[in-house]
Structure formats: structure tokens, C-alpha cells
Protein chains: 2
Amino acid sequence: MKKDVTTEEKIKEAARHVFMAKGFAGCSSREISKAAGMNVALVNYYFRSKSQLFKIIFETAMEDFVTSMMTVFSSDQSIENKMRIFIDREFEFLSKHPELPVFIITEMNREEGCSIDHACFFEKIAASGIFNECAQAQAEGKMRKINILSLTLLIMSNCQYPIMAKNLMQGIHGISDEDYTSNLLLHKQNVTEMLVNYLFPINSKTTK
Amino acid sequence: MKKDVTTEEKIKEAARHVFMAKGFAGCSSREISKAAGMNVALVNYYFRSKSQLFKIIFETAMEDFVTSMMTVFSSDQSIENKMRIFIDREFEFLSKHPELPVFIITEMNREEGCSIDHACFFEKIAASGIFNECAQAQAEGKMRKINILSLTLLIMSNCQYPIMAKNLMQGIHGISDEDYTSNLLLHKQNVTEMLVNYLFPINSKTTK
DNA sequence: ATTTGTTTTAAACAAGTGTTTAAAATAGTT
DNA sequence: AACTATTTTAAACACTTGTTTAAAACAAAT
């Protein structure tokens, strides 16, 4: 008899939650197994070790993250519209996975990296051709000529930080959860307008 | 005989480094004591517990962070110049303390918060009057009318994220440490220009 | 019903955790 | 010099950690 939710999936789901919330070092194997409603030995029976399990969770998280970006990059849109859509999707995606940016950044900074190969994910982004597309748009005078790192930073900063720093911002301004969420929508519009105005100074008024 | 560097300071300095690099859960008391070149018991002799030590480290880090902001806020400058100076200082300060933003954000997200009162730091910021000053500048038409949270986010995002995401960005674009540092200077200029153009659309060309 | 293979558990392992204790080393005072 | 108070250490405490072992529970097949 096959169960509707297999044990392996139960473990992964629990591990995803716990790892995201507390990080690799911030939780124990027993905490994960308890969250999955089972014995400690069982999670090692399926995943051999805590590191191995973490590796899988991190890699699928990264995969989701990159995939979410990729669908926009490979769409049939003008570069400016791609940017608008990207920002929109990024805010939406990150609202559903708020811990993801801190999780990824923390893992990238960790010395003992569970022997995860980060490179393969970055290669996918480069392989999407988005960087070349930007360079071409810049050459054609459609986009402001700033280097590609700065461009990446501008977009990522303004999309990811507002999600990461939620608690910090709520503390500074004394805002409730609901207020923050609604303010985030306004902020998304501000960010979009600011970035488009800055990066596409010429045709930013003509295009919707 | 007083030593040039007291034991207490040695512990704090070591703890600052280790906590910043690995976080509260990511390191052990013995690791800190070893980094300070002494016995484990000694750090507890001075600070009673790991949590207590962390609390002190975090609070002084926060203190430094807020103080760095405050000196700009209370300076005798136009609001636009304050913003320019703030961005400049923020990049400079964070380059010296790159782990600080992640450290603070992670701590803010932690459930067992070592019983740290975060509120007092935020109150200082509000007490500086900077928020009122912005509101007034907006009322006078000197500054674009966006809500104060959005304003805070715009500035913090573009100053802090580029420091936090260094390793991630280096991975994506295959950049060396030195290149990243130099690119950060360019990026700071881009950020400044973009933010000033966006927030002070009228007089952004007149003021240097 | 017995055998087979798989899944789950309780219990144990050695190593590491935060913390404490009691003794040693050091400095300061008389 | 001897005594006191402070600083530092080695050793131990009870507990948690990641991981393994061996036995139990379960399902499938004969």
C-alpha cells in the first residue's frame, strides 16, 4: 500500500521548514525528525546524514529560485518589460518564500558548505543569455550603460532586501504584519518606477 | 599591573569575530575561548554565559550601527545632501563590517532572541527626527511623496544588500575579491544617482 | 503460516555542548 | 614574608549532538 504522502517527502518537507527558519547550525536532526513525526534514525535511514539532507534541501531551493527567474528571462518580451515582469514575479515569489534569500546568503557565507557545488546554478543564469541581452540593449542605447554586476545588484537589492529585512523594518517603524504586506505592494511599484526610470530614461514614458 | 589589552576585551574581540562569521548557533563557547587564546571557563567567568556574551556583542554592534547613521542625521545639511552623505558613509561603514547586516537580520529573525530588547535602538533612530524632516521636505515639495517605510527600504536595500550578497554576486558573475570591491565603488555612485534622481526629481540637477 | 524484504523504532555510541567546581597560579597588600 | 583577593586553569558535570546497531513492526509473496 502506497501512502498519499511518502515518508521521504514528509522528511523533506519538515527539513525544508526547519532549515529555512533556523539554518543548518541552528537546528538538530532530532528537531527535524520530530517535526516530521518520526524517529531520528529514520531520517538518517533515508538521507544518510544531516549534511546530505541539507544539501538536497538547499539545492532544490536554489533550483526553485533560479527557475523562477529563468521563466521571465526566456519569455518573449522587450528588455524593459522583462524587467517589470521580473520585479513583479520576484516580489510574489519571495513573499511565498521569505526566508529564502537569507538562507541562500547565509549558506554562501558558510565555510563548511556541505560540499555543495554552487556554480551550476549560476551557470544556468548565464546560459539564459539574459546578460548578453542586456549588453546588446545597452549597445543599442536602449538601456543605461552600467556594468552588469551593478545592474544585477540594483534589481536584487530592491527585490530581496525588503523581504529579508521585514522584522528589522517592522521594528524600526512599528508596523504590523498586515501593514507591512500591504506596504510591500506600494513599495514594489515605487521600485519598479525608480528602476525603469533609471535604466530606461528615454522610452520609460512611452511604454506602459 | 594593567595589561595593554585586558582579558575581557580579548574575549569580546574574539567573540565579535566568531559570532559575526558563524552566528550564535554556528559556534561553540570553546571556539570563542580558543580564538581568544584561553580556557573556556574564563569566558564564563567574565560573562556568565554564551547568551550573555552574545547579547553584549549584538548590542554594541547595533549601537555602532545606529551611531553611524545618527551622525549623518544630526548634521547641518540639506535633506538631499544628508542622503548623499548617508549613502557614502553607509557603504564605507559596511565595507568595514560586512557581516553586520546579515548578523542583525538573522538575529532579528531568531525566536530565542537571547532576551535582547531591540526596541531601544529603533527609538534612537526615530528620536533623531530624521523621519519628521523627511515628512516636512515632502510637504514642501522638495522630496518625492512616498511613505517613510518605502523610503527607508529604498536606501537600506541599495546600501546593505550589495555588501550582504557579496559571495552570491561573486558566484553569479565570477568576480574576484578585488574586482568586487572596486565595482562596489562604481555601484555606490550609481545608487546615489538613481536614488537622488528618484527622490529629488526637481533640483537633482542643480545641486552638486 | 512461514518466509522474505522493507520500514520503523528504541537504545546505544562517542564526541561535543554549555556550565560549574575546586584547585592552581598570579598579583596586591601588609 | 605571609596573607588576601583576583585571575586562570584542568577537570568534571549533565545534557545534546550526529550517527549507528540491532531488534521490532510491517507488508508482500509463497
Side-chain angles (χ1 to χ4, degrees), chain A residues 1-59 61 103 106-107 110-116, chain B residues 1-60 103 106-107 110-116:
Chain A
M1 186 203 73
K2 269 279 162 69
K3 315 153 193 171
D4 44 346
V5 184
T6 145
T7 307
E8 202 170 330
E9 277 164 352
K10 263 196 276 185
I11 297 173
K12 284 213 272 190
E13 184 59 19
R16 219 180 56 82
H17 275 104
V18 179
F19 276 143
M20 290 269 182
K22 309 202 171 190
F24 179 79
C27 69
S28 68
S29 306
R30 281 169 178 81
E31 187 176 354
I32 294 174
S33 72
K34 224 162 267 176
M38 63 189 61
N39 195 286
V40 212
L42 199 49
V43 15
N44 269 30
Y45 170 74
Y46 278 96
F47 295 94
R48 256 190 54 215
S49 74
K50 186 189 179 190
S51 299
Q52 196 67 217
L53 177 56
F54 181 84
K55 187 177 176 182
I56 290 171
I57 300 301
F58 178 79
E59 283 176 348
F103 180 70
T106 304
E107 164 62 24
R110 204 153 58 94
E111 287 136 351
E112 330 85 347
C114 280
S115 69
I116 295 173
Chain B
M1 185 202 74
K2 267 281 162 68
K3 314 154 193 173
D4 43 348
V5 184
T6 142
T7 307
E8 203 170 328
E9 278 165 351
K10 264 196 276 185
I11 297 174
K12 284 212 271 190
E13 183 60 17
R16 219 179 55 82
H17 275 103
V18 178
F19 276 143
M20 289 269 182
K22 308 202 173 192
F24 179 79
C27 69
S28 67
S29 306
R30 281 166 179 83
E31 186 176 355
I32 293 174
S33 73
K34 226 161 265 175
M38 63 189 59
N39 195 287
V40 212
L42 199 48
V43 14
N44 268 30
Y45 170 74
Y46 278 97
F47 295 94
R48 254 190 54 214
S49 73
K50 186 189 178 189
S51 298
Q52 195 67 218
L53 177 55
F54 181 86
K55 186 177 176 181
I56 290 171
I57 299 301
F58 178 79
E59 284 176 349
T60 58
F103 180 70
T106 304
E107 164 61 25
R110 205 155 56 95
E111 287 136 353
E112 329 85 348
C114 280
S115 68
I116 295 173

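By convention in this document, chain letters (A, B, ...) are assigned in the order of the sequence lines, proteins followed by strands, and residues within each chain are numbered from 1.
C/dG16 atom P lies 14 Å from atom NZ of B/K22, rounded to whole Å. In this structure, B/I32 atom CD1 and C/dT17 atom P are separated by 11 Å, rounded to whole Å. Here D/dA10 presents its C1' atom at 15 Å from CG of B/N44, a figure rounded to the nearest Å. Atoms CZ (B/R48) and C1' (C/dT19) sit 12 Å apart, rounded to a whole Å. Distance B/L42 CG to C/dA25 C1': 12 Å, rounded to the nearest Å. Taking atom CD of B/E8 as the reference point, atom C1' of D/dT8 lies 15 Å away to the nearest angstrom. In this structure, A/Y45 atom OH and D/dT19 atom P are separated by 18 Å, rounded to whole Å.
When each of C/dA10, C/dT20, C/dG18 is scored by its nearest atom to the side-chain atoms of B/A41, the top-ranked nucleotide is C/dT20. In the set D/dG18, D/dT7, C/dA10, the nucleotide with an atom closest to the side chain of A/S28 is D/dG18. Considering only the side chain of A/K50, D/dG18 comes nearest among D/dA10, D/dG18, C/dT19.
Side-chain contact between B/F47 and B/K12 is present, with at least one heavy-atom pair separated by less than 4.5 Å.
In this structure a side-chain-to-backbone donor-acceptor pair under 3.5 Å is missing from B/K22 to A/E111.
A close approach under 4.0 Å does occur between a side-chain nitrogen or oxygen of A/N39 and OP1 or OP2 of C/dA10. Side-chain N/O atoms of B/T7 include none lying less than 4.0 angstrom from OP1 or OP2 on D/dT7.
Note on B/S49: only backbone sugar-phosphate atoms sit closer than 4.0 angstrom, heavy atoms only; bases stay farther off.
The side-chain tip of B/R110 points at the ring of B/F54 from less than 6.0 angstrom away and within 45° of straight on.
B/V43 and B/I11 make their closest contact through CA-CD1, 3.7 Å (heavy atoms, listed as atom of the first residue, atom of the second, distance).
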Stepwise side-chain contact (heavy atoms from CB on, under 4.5 Å) test for A/L42 and A/S33: CA-CA 8 Å; A/L42 199 49; A/S33 72; over 6 Å; no
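At a cut-off of 3.5 angstrom, counting only N and O atoms as typed in the model, there is a donor on one side and an acceptor on the other between the side-chain of A/R30 and the base of D/dT19.
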